Amino acid sequence: EFAKILLDPKGSAIQDILVDETARLGDVVVRAGLRSALVESRAAKATAAALRRPRDSGVSLLPPGPLRDALIERPAMLADILDELTATSEEEGRVLASAQELTN
């Protein structure tokens, strides 16, 4: 009976819920993987520090406005942008933890 409801070609509320939750889980898992590689890894932290160094050291005062933005300010913002894009909410963290529990 469950298989009939789940595989009904007309669709059902259960199918909608499964699709929504699967997409949500996929999104959280992908962002967690990206965060691990692009924000939390040693290489990512070293790169972020290197990109921020010119801005934080005062070198950013040397070039004129547009050149300073292109060469110093925007690269320094990259780590912050990646952090923001890969961040997860508390609820998404619970979804990820629940999925990990189910796989164990």
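Predicted, not measured: the structure shown is a model, and the values here were computed from it.
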How close do [X] and [Y] get, heavy atom to heavy atom, and via which atoms?
X	Y	value
Leu71	Pro75	O-CG, 3.6 Å
Ala32	Leu96	CB-CD2, 3.8 Å
Ala44	Ala37	CB-O, 3.7 Å
Arg52	Ala76	CG-O, 3.8 Å
Arg31	Glu92	NH2-OE2, 2.7 Å

Report yes if the side chains of Leu82 and Arg35 come closer than 4.5 Å at any heavy-atom pair, otherwise no.
->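 No, side chains not in contact.
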
Can you get from Leu78 to Leu34 by hopping between Ile, Leu, Val, Met, Phe, Trp and Tyr side chains that sit under 4.5 Å apart?
->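 Leu78 clusters together with Leu34.
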
Hydrophobic cluster identity match, Val29 and Leu38, side-chain contacts under 4.5 Å |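 No.
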
Atom CG in Leu51, atom CD in Glu73: separation rounded to 0.5 Å?
->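 Going from the CG atom of Leu51 to the CD atom of Glu73 covers 12.0 Å.
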
Check residues 17-25 and write down every donor-acceptor pair under 3.5 Å in which the side-chain atom is one partner and the other belongs to a residue at least two apart or another chain.
residue : atom : partner : partner atom : Å
Thr22   : OG1  : Leu18   : O            : 2.6
Arg24   : NH2  : Glu91   : OE2          : 2.1

